[in-house]
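Protein chains get the first letters and strands the later ones, always in sequence-line order, with residue 1 at the start of each. Heavy-atom basis, side chains included; hydrogens, waters and symmetry copies ignored.
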There are 4 protein chains.
Amino acid sequence: MGSAGQRGRPRSGEADVRLLDAALALLLDRGYDRFSVDEVAAKAGVAKTTLYRRWPTKDHLIVAVVARLQDSVPVEYSGDVRSDLTRYLGEIAAGLDRMRRAGRPATSGETSAGLVAEVAAAAARHADVGAAVQAMFHRRNALVLALLGQARERGELHADVEPEVVFDQLAGALYYRLLITGRPLDAAYIDRLVGSALRGASA
Amino acid sequence: MGSAGQRGRPRSGEADVRLLDAALALLLDRGYDRFSVDEVAAKAGVAKTTLYRRWPTKDHLIVAVVARLQDSVPVEYSGDVRSDLTRYLGEIAAGLDRMRRAGRPATSGETSAGLVAEVAAAAARHADVGAAVQAMFHRRNALVLALLGQARERGELHADVEPEVVFDQLAGALYYRLLITGRPLDAAYIDRLVGSALRGASA
Amino acid sequence: MGSAGQRGRPRSGEADVRLLDAALALLLDRGYDRFSVDEVAAKAGVAKTTLYRRWPTKDHLIVAVVARLQDSVPVEYSGDVRSDLTRYLGEIAAGLDRMRRAGRPATSGETSAGLVAEVAAAAARHADVGAAVQAMFHRRNALVLALLGQARERGELHADVEPEVVFDQLAGALYYRLLITGRPLDAAYIDRLVGSALRGASA
Amino acid sequence: MGSAGQRGRPRSGEADVRLLDAALALLLDRGYDRFSVDEVAAKAGVAKTTLYRRWPTKDHLIVAVVARLQDSVPVEYSGDVRSDLTRYLGEIAAGLDRMRRAGRPATSGETSAGLVAEVAAAAARHADVGAAVQAMFHRRNALVLALLGQARERGELHADVEPEVVFDQLAGALYYRLLITGRPLDAAYIDRLVGSALRGASA
DNA sequence: TTTTAAGCGAGACGGTACGTCCGGTCTTTTA
DNA sequence: TAAAAGACCGGACGTACCGTCTCGCTTAAAA
């Protein structure tokens with residue numbers, strides 16, 4: 001009753017795991033280019049067809065991998081906007097940092113935004129990948145938008161503060177640094193950033 | 001005098017122009033992927049060797065093209081920070097918009113950041129391309145940083161405002177929207193953005 | 001006694017028919033390549049497993065189909081060797097013609113021997129298919145060999161005529177034309193052929 | 001003078017040789033199926049593109065290889081039709097024998113016509129391959145047709161003998177045996193065959 | 001009536017090869 | 001020298017198709 005009834009052989013859950021694991025490993029020590037689908041399949045011990053049944057494109061696969069990388073951001077509220085924002089931006093920066101290292105020799109101090117940029121590019125190439133990427137970021141950001149909204153309602157922020165805009169300014173600055181300027185995303189910068197954003201916002 | 005003495009056939013200045021033109025045209029109606037070096041050479045009526053003598057890589061070529069797209073931003077100061085910023089961000093948004101359309105059917109209202117992202121990715125792939133990209137943006141931004149600095153000195157902005165951070169917040173928000181969120185960069189948004197940035201900054 | 005006794009669900013006779021029909025239809029309008037087992041099953045509305053339970057290989061299936069195509073050659077003796085041979089070779093030629101058209105647009109006057117050759121190739125790939133093919137041809141040819149033998153005994157042919165060799169020459173010429181030369185197998189040719197074969201053979 | 005003038009880098013003659021050699025070797029010890037284009041290229045130490053520039057298809061390549069296998073049939077006339085025919089058919093049979101062994105373990109006494117059939121099938125799949133195959137056989141057979149024609153003119157054969165038909169009967173018998181019947185092509189059979197063909201033909 | 005053996009539908013899976021694409025380099029002839 | 005032309009190397013991509021496997025379900029004979 002209710003259940004649709006199983007048709008055909010079910011997809012192998014193990015294949016998913018092995019593929020994503022292999023892909024992640026490969027992505028991290030190769031980077032986007034030099035990442036090859038054939039190699040993922042081989043490393044996972046899975047047929048290429050099985051991979052392509054799940055992700056129709058290298059881009060799709062990589063985005064799935066990245067999503068898994070990013071999807072573990074437990075946030076807790078302390079009630080203090082400044083420290084909450086600082087902590088959250090720190091998490092984002094750390095996440096970007098994990099991606100930043102993909103494909104670069106660990107020793108190289110290079111600030112490479114390659115993977116992030118590639119993901120954005122992939123998002124632009126395929127509409128569905130774009131949707132997935134936006135959803136991924138939306139999930140990540142929803143908490144912070146809520147946090148800003150609550151702070152405003154509590155009177156901790158001016159009434160005319162627009163959470164969305166403020167958030168764009170904060171996150172945007174990080175991405176801009178990473179992708180364009182190439183300057184570091186350290187704690188000091190994050191402090192300055194939060195400070196600047198809250199200067200006019202706090203009541 | 002002093003000149004090394006020209007040996008052999010001189011480089012054809014015309015080739016440069018034809019190549020860049022062809023590349024631009026192709027880039028605009030194909031986007032980064034589906035843009036092929038062979039095709040550029042063919043369209044320019046120039047040998048591939050000639051192209052590679054000038055730009056050692058597809059990435060290099062494309063960045064050169066993009067630089068030409070972006071490098072015409074004459075800015076004039078009106079003396080009023082708010083309007084100056086608004087105007088300048090408008091210019092940036094317009095430039096991004098030109099790139100945004102690359103390779104997308106004109107009709108599609110899609111907000112595609114493909115080219116921008118690809119350029120960032122290219123910057124991450126080759127150190128020299130990265131330097132060129134940063135220089136390009138640095139040239140664009142220097143004026144605004146100067147503007148903010150002067151406004152601070154004139155007392156129009158608080159003494160503890162950090163121009164660099166404020167600029168990151170402004171430009172970053174635009175790029176974040178474009179690359180990640182995919183939401184529009186219209187005049188209304190720019191107004192809200194400048195408003196938010198100046199709320200706490202103006203004296 | 002001896003009989004195993006029927007266990008389990010019996011095979012569906014309908015499936016056989018539907019599969020062979022679908023396969024034949026597909027074979028005729030696609031040819032050997034571009035004939036896909038999946039498509040046969042789909043078209044027959046039958047599971048692939050069901051198909052493979054009957055024919056372990058695409059080759060086996062196709063040979064089964066071809067056998068059905070060829071197995072309807074009722075021959076009657078008139079008593080006159082020349083006319084009997086002519087008639088029989090005409091039947092063979094017609095049968096080959098049916099196969100000849102497989103996968104070719106009806107309009108194309110092309111003399112394509114594709115299917116015949118593919119069957120021969122399949123026969124070479126699998127011993128059992130080879131046996132089946134030989135048996136099929138043996139059935140077809142037995143009658144003619146008998147005919148030649150009787151004519152010899154009746155004195156209509158020289159005593160030293162070897163039916164087997166003569167038959168090879170007749171049938172062989174047809175196949176050689178079809179497979180190698182690509183020239184037409186019309187009635188005129190068959191007459192010349194029989195004439196040539198009987199020149200020295202008839203007493 | 002008249003020459004078109006060489007443009008661009010000329011094709012590497014060495015590549016041709018290495019590819020054909022590699023392909024032949026592979027074909028002989030694998031047979032048509034299990035013959036892989038990638039492997040040929042690898043074995044020849046040549047890029048796959050280079051191969052595909054010459055032969056657009058596995059079929060084309062294989063036919064080229066087979067043509068080389070068959071194209072060395074120097075025939076000399078002795079003036080005696082019977083012995084000339086016997087010798088020539090012997091050559092054909094030997095050539096077929098070389099192909100017959102392709103892909104079969106040397107030990108196996110199997111009479112496999114695989115490669116011949118595959119070539120015929122390939123000829124049916126692509127019009128241009130078909131033309132090449134016919135040309136190949138035409139070259140081989142022209143000599144014998146001429147021989148038969150001369151013998152007729154010399155009065156060695158009846159005036160109403162049609163060389164073309166006789167030849168079809170002879171060659172056809174060989175191919176029919178090989179492809180369909182699977183019986184051996186030994187010297188004894190060839191003698192019987194020539195005898196049968198000449199019975200009525202010789203004046 | 002319950003068990004057991006097998007067939008069936010659906011579709012995922014492993015494996016292999018194909019032919020294509022494209023980036024970048026090399027080898028010619030000609031200017 | 002540079003330029004034009006085009007072959008070359010290398011490597012990945014995504015597709016196609018074969019034949020096997022794994023489910024859940026159905027059919028009939030056997031216990």
What integer distance in Å separates A:Asp16:CG from E:dC13:P?
-> 8 Å
Test side chain to side chain contact (heavy atoms under 4.5 Å, CB included) applied to D:Lys43 and D:Asp38, D:Asp21, D:Leu26, the passing residue = D:Leu26
Atom OH of B:Tyr52 and atom P of F:dC8: how far apart are they, to the nearest Å?
-> 18 Å
F:dC13, E:dC18, E:dC13: which one has an atom nearest the side-chain heavy atoms of D:Val37?
-> E:dC18
Quick one: A:Leu19 CG to E:dA12 C1', roughly how many Å, whole number?
-> 13 Å
Side-chain N or O of C:Thr50 closer than 4.0 Å to phosphate OP1/OP2 of E:dG9 | yes
Closest to the A:Ser36 side chain: F:dA5, F:dA12, E:dA12?
-> F:dA12
Less than 3.5 Å between a donor and an acceptor, one on the side chain of C:Thr49 and one on the base of E:dA10, is that the case here?
-> yes
DNA chain E: 5'-proximal contact among D:Asp59 and C:Ala15 (nearest heavy atom) | C:Ala15
Separation of F:dC18 atom C1' from C:Arg34 atom CZ, nearest Å, is 18 Å
For D:Glu14 and F:dA7, give me the distance from atom CD to atom P, rounded to whole Å.
-> 17 Å
Please check if atom CD in C:Glu14 has more than 12 non-hydrogen atoms from other residues, nucleotides or ligands closer than 6.0 Å.
-> no
Indicate, yes or no, whether a donor-acceptor pair under 3.5 Å links the base of E:dT29 to the side chain of D:Arg7.
-> no
Reported CG-to-CG distance for the pair A:Leu19 and A:Leu24, which is rounded to 0.5 angstrom = 12.5 Å
Just how far, in rounded Å, is C1' of F:dC17 from CZ of A:Arg53?
-> 12 Å
Picking from E:dG24, F:dA7, E:dG15, which would you name as closest to the side chain of B:Lys58?
-> E:dG24
Between C:Pro10 and D:Gly8, who's closer to the 5' end of DNA chain F by nearest nucleotide?
-> D:Gly8
Using a cut-off of less than 4.0 Å, is there contact between a side-chain N or O of A:Arg11 and OP1 or OP2 of E:dG11?
-> no
E:dG9 base / C:Lys48 side chain donor-acceptor hit below 3.5 Å | no
Check every atom of F:dC8, E:dT28, E:dG24 against the side chain of D:Arg54 and return the nucleotide holding the closest atom.
-> F:dC8
Does the E:dC8 base have a donor-acceptor partner in the side chain of C:Arg9 within less than 3.5 Å?
-> no
Between C:Ser36 and C:Glu39, is there a donor-acceptor pair closer than 3.5 Å when you use the side chain of the first and the backbone of the second?
-> yes
With no hydrogens and no angle check, is any side-chain donor or acceptor of C:Arg68 less than 3.5 Å from a backbone partner on C:Ala64?
-> no
Taking NE2 from B:His60 and C1' from E:dG23, how many angstroms apart are they, rounded to a whole number?
-> 14 Å
Measure from CG on B:Asp38 to C1' on F:dA7 and round the result to the nearest Å.
-> 12 Å
